[in-house]
Amino acid sequence: MSKKILIITGDAAESLEVYYPYFRVLEEGYEAVIAAPSVKTLRTVVHDFEGWDTYTEKPGYQLNAHVAFSEVDPAAYDGLIIPGGRAPEYIRLDDNIPRIVGHFFEANKPVGAICHAVLILSVVPNRSAFEGRTMTAYSACRPDVEGLGATYAKETLCVDGNIISGHAWPDLPGFMREFLKQVNSR
């Protein structure tokens with residue numbers, strides 16, 4: 001039976017952080033399911049590092065959500081990927097996100113969190129899942145990692161138990177390699 005990976009996102013997700021994992025999961029022969037607040041066409045964004053003090057943002061590609069958060073049964077999935085961009089700042093407010101994301105920590109399934117994805121982890125009901133752990137995220141999210149009770153790693157890729165974390169889209173090759181290594185070992 002093929003494995004099934006859940007990708008949770010919304011409008012203004014970073015294009016590469018959604019598309020690269022999506023196609024990489026499909027390439028592995030697994031089912032990739034994109035969940036969003038509702039089933040609709042999502043609008044992604046492109047973040048780049050162009051000499052500003054922060055990243056720039058431009059319109060990206062359109063992406064179809066397969067399922068609404070309210071319809072997600074997290075027990076049906078073998079792993080979770082949370083892309084960054086601006087989507088995490090508002091999708092974490094969806095009443096279903098604590099239930100969905102919390103399941104992956106309760107079941108000790110692989111969770112890939114890149115860039116601003118740590119904002120979503122802030123609503124996981126059981127904060128003990130992060131205490132004493134080491135994670136990374138986009139540098140501006142360091143206070144969010146530390147607010148979870150985790151240690152912020154300056155390395156651009158970090159694996160601690162079932163959490164695979166990365167700084168930003170340039171880290172996707174290692175991020176997906178480590179995520180799929182965990183999925184494949186289960």
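Along the sequence shown, the residues carry numbers beginning at 1. In this text the structure is predicted, and so the values were computed from the model without any measurement. All heavy atoms count here, side chains included; hydrogens, waters and symmetry mates do not.
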**Q** So if you build clusters from Ile, Leu, Val, Met, Phe, Trp, Tyr with side-chain heavy-atom gaps below 4.5 Å, do Phe179 and Leu16 land together?
**A** yes
**Q** Would a 4.5 Å heavy-atom cut-off, applied to side chains only, mark Lys40 and Asp11 as touching?
**A** yes
**Q** Listing request: all side chain to side chain donor-acceptor pair (under 3.5 Å) pairs with a residue in residues 21-36, at least two apart in sequence or in separate chains.
**A** Arg24-Glu27, Arg24-Glu28, Glu28-Asn184, Tyr30-Asn184
**Q** Donor-acceptor check, side chain of Gln182 to backbone of Gly161, threshold 3.5 angstrom: yes or no?
**A** yes
**Q** Hydrophobic clustering (ILVMFWY, side-chain heavy atoms < 4.5 Å, transitive) - are Ile7 and Val39 grouped together?
**A** no
**Q** Is the shortest side-chain heavy-atom distance between Ile100 and Leu6 below 4.5 Å?
**A** yes
**Q** Do you know which two heavy atoms are closest between Leu119 and Pro88, and how far apart they sit?
**A** CB-CB, 4.1 Å
**Q** Between Cys115 and Glu14, is the side chain to side chain contact (heavy atoms under 4.5 Å, CB included) condition met? List the steps.
**A** CA-CA 9 Å; Cys115 200; Glu14 209 297 319; over 6 Å; no
**Q** Tell me the closest heavy-atom pair linking Pro83 and Ala117, and the distance in Å.
**A** O-CB, 4.1 Å
**Q** Check the pair Leu148 / Val118 against side chain to side chain contact (heavy atoms under 4.5 Å, CB included), numbers first and verdict last.
**A** CA-CA 9 Å; Leu148 290 173; Val118 67; 3.6 Å; yes
**Q** I need the full list of ring-ring contact (aromatic ring centres under 6.0 Å, His included) pairs touching residues 98-123, with sequence neighbours left out, sorted by first then second residue.
**A** Tyr55-His116, Phe105-Phe130, His116-Tyr138
**Q** Return a table of donor-acceptor pairs under 3.5 angstrom between the side chains of residues 60-68 and protein atoms on other chains or two or more places apart.
**A**
| unit_1 | atom_1 | unit_2 | atom_2 | d |
| --- | --- | --- | --- | --- |
| Gln62 | OE1 | Arg43 | NH1 | 3.2 |
| Asn64 | OD1 | Thr41 | OG1 | 3.0 |
| His66 | ND1 | Ile34 | N | 2.9 |

**Q** What residues, two or more places apart in sequence or in another chain, satisfy side chain to side chain contact (heavy atoms under 4.5 Å, CB included) together with Asp48?
**A** Glu50, Thr56, Trp169
**Q** Do any pairs count as a salt bridge (charged side-chain N to carboxylate O under 4.0 Å, His left out) and have a residue in residues 149-162, sequence neighbours left out, and if so which ones?
**A** Arg133-Asp160
**Q** From Asp94 CG over to Arg99 CZ, what is the distance, rounded to the nearest 0.5 angstrom?
**A** 9.0 Å
**Q** With side chain to side chain contact (heavy atoms under 4.5 Å, CB included) as the test, would you mind laying out the steps for Leu121 and Val101 before giving the verdict?
**A** CA-CA 8 Å; Leu121 302 181; Val101 178; 4.0 Å; yes
**Q** Taking a hydrophobic cluster as the set of Ile, Leu, Val, Met, Phe, Trp and Tyr residues connected by side-chain heavy atoms closer than 4.5 Å, whether directly or through intermediates, do Ile8 and Val25 fall within one such cluster?
**A** no
**Q** Starting at CZ of Phe69, measure out to OG of Ser38 and round the result to the nearest 0.5 Å.
**A** 9.0 Å
**Q** Looking only at non-hydrogen atoms, find the nearest pair between Ala150 and Met135 and report the distance.
**A** CB-SD, 4.1 Å
**Q** Which residues pass the side chain to side chain contact (heavy atoms under 4.5 Å, CB included) test with Pro59, not counting sequence neighbours?
**A** none
**Q** Keeping Ser2 on the side-chain end and Gly29 on the backbone end, is there a donor-acceptor pair under 3.5 Å?
**A** yes
**Q** Are Val123 and Leu80 connected into the same hydrophobic cluster when the rule is that any two of I, L, V, M, F, W, Y join if their side-chain heavy atoms are below 4.5 Å apart?
**A** yes
**Q** Which heavy atom in Asn162 sits nearest to a heavy atom in Ile164, and how many Å separate them?
**A** O-CD1, 3.6 Å
**Q** When you compare the side chain of Ser122 with that of Arg127, does any pair of heavy atoms fall below 4.5 Å?
**A** yes
**Q** Which residue pairs satisfy the side chain to side chain donor-acceptor pair (under 3.5 Å) criterion with at least one member in residues 142-151, sequence neighbours excluded?
**A** Arg142-Glu146
**Q** Report the residues that fulfil ring-ring contact (aromatic ring centres under 6.0 Å, His included) with Tyr90, sequence neighbours left out, ordered by chain and then residue number.
**A** none
**Q** Could you state whether Ile81 and Ile97 fall into the same hydrophobic cluster, counting links through intermediate Ile, Leu, Val, Met, Phe, Trp or Tyr residues with side-chain heavy atoms under 4.5 angstrom apart?
**A** no
**Q** Looking at every non-hydrogen atom in both residues, tell me the closest pair between Ser165 and Thr136 and how far apart they are.
**A** OG-N, 2.9 Å
**Q** Rounded to the nearest 0.5 Å, what separation is found between the OH atom of Tyr77 and the NZ atom of Lys109?
**A** 10.0 Å
**Q** Between Val145 and Ala137, which heavy-atom pair has the shortest distance, and what is it?
**A** CG2-CB, 3.9 Å
**Q** Applying side chain to side chain contact (heavy atoms under 4.5 Å, CB included), name anything that partners Ser185, two or more places apart in sequence or on another chain.
**A** none
**Q** Scan for salt bridge (charged side-chain N to carboxylate O under 4.0 Å, His left out) pairs involving residues 169-186, sequence neighbours excluded, and state none if there are none.
**A** Glu178-Lys181
**Q** Suppose we screen for side chain to side chain contact (heavy atoms under 4.5 Å, CB included). Which residues come up paired with Arg86, at least two apart in sequence or across chains?
**A** Ala12, Val45, Glu57, Glu89
**Q** Going by salt bridge (charged side-chain N to carboxylate O under 4.0 Å, His left out), name the residues that satisfy it together with Lys4, two or more places apart in sequence or in a different chain.
**A** none
